[in-house]
Amino acid sequence: MKNRTTMHLSELKEENLILSQPGYETRQNILDACHEAGFEPQGKYEIERLETACSLVEAGLGMSIIPESYLKYSHTSGINIVRLKHPTPKRTVYIAFQPDRYLPPAIHYFMDLIIDFFK
């Protein structure tokens, strides 16, 4: 897999997956996607932080499914990053703001861009 840029999720069926601990939404999203792909993921390690998952991958202890947004801004030079194809885990993204507070037009425009991006 070292020279690959994409792979189907089902190809991870026999791999040791490093997963978030129970209770994390990311874990459930990955489990749901694995079930949709027709398998129950195997895992020896459960982590709380994505940095730990990357460290375990770098040490050769398994593979992990990491959000793209995390990978964009993290130091991951010791691991190979492969984009997953069907099915890909999905997660919910929220916008939090105070509804009674004045928000300038630029903020409303920005929020509209975010909402349109995630549709």
Tell me, with the steps shown, if K13 and E40 meet side chain to side chain contact (heavy atoms under 4.5 Å, CB included).
CA-CA 7 Å; K13 183 177 183 177; E40 184 70 33; over 6 Å; no

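- One distance of note links CE of M111 with CD1 of I95; it measures 5.5 Å at 0.5 Å rounding.
- Under the 4.5 Å side-chain heavy-atom criterion for ILVMFWY residues, no single connected hydrophobic cluster contains both L9 and I66.
- Taking E58 as the reference, nothing meets the side-chain hydrogen bond (donor to acceptor under 3.5 Å, both in side chains) condition, with sequence neighbours excluded.
- Side-chain atoms of P104 and I107, non-hydrogen and from C-beta on, do get closer than 4.5 Å to each other.
- Remark: L103 CG to F97 CZ distance equals 6.5 Å, nearest 0.5 Å.
- Using a 4.5 Å cut-off on side-chain heavy atoms (C-beta onward), Y109 and L113 make contact.
- Looking only at side-chain heavy atoms (C-beta outward), E46 and P22 come within less than 4.5 Å of each other.
- L84 and I81 sit in two unconnected hydrophobic clusters of ILVMFWY residues. Membership requires side-chain heavy atoms under 4.5 Å apart, directly or through other members.
- In this structure, CZ in F39 is found 5.5 Å from CG in L12, a value given to the nearest 0.5 Å.
- Considering only residues two or more places apart in sequence or on other chains, N16 meets the side-chain hydrogen bond (donor to acceptor under 3.5 Å, both in side chains) condition with none of them.
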- Take Q21 and Y45, measure what side chain to side chain contact (heavy atoms under 4.5 Å, CB included) needs, and give me the verdict at the end. CA-CA 9 Å; Q21 292 180 341; Y45 301 102; over 6 Å; no

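- Proximity of a side-chain donor or acceptor of S64 to a complementary backbone N or O of I18 within less than 3.5 Å is detected.
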Practice task
Apply side chain to side chain contact (heavy atoms under 4.5 Å, CB included) to the pair I30 and L19, showing each step before the final yes or no.
Solution key: CA-CA 8 Å; I30 291 168; L19 298 168; 3.8 Å; yes

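- Looking only at side-chain heavy atoms (C-beta outward), I47 and L56 come within less than 4.5 Å of each other.
- With rounding to the nearest 0.5 angstrom, the CD1 atom of I65 is 12.0 Å from the CZ atom of R27.
- Interatomic distance, H8 NE2 to K85 NZ, rounded to the nearest 0.5 Å: 5.0 Å.
- Considering only heavy atoms from C-beta on, E14 comes within 4.5 Å of Q42 through its side chain.
- Put simply, the side chain of C54 reaches to within 4.5 Å of the side chain of I79, judged on heavy atoms.
- Taking a 6.0 Å sphere around CZ of F110, one finds it holds 12 or fewer heavy atoms contributed by other residues, nucleotides or ligands.
- Looking at E11 and R4, a side-chain N of the basic residue comes within less than 4.0 Å of a carboxylate O on the acidic one, giving a salt bridge.
- Dense packing is recorded around CD of E25, with more than 12 heavy atoms of other residues, nucleotides or ligands lying under 6.0 Å away.
- In this structure the side chain of P41 reaches within 4.5 angstrom of the side chain of L31, judged on heavy atoms.
- To the nearest 0.5 Å, the span separating CE on M7 from CE on M63 amounts to 5.5 Å.
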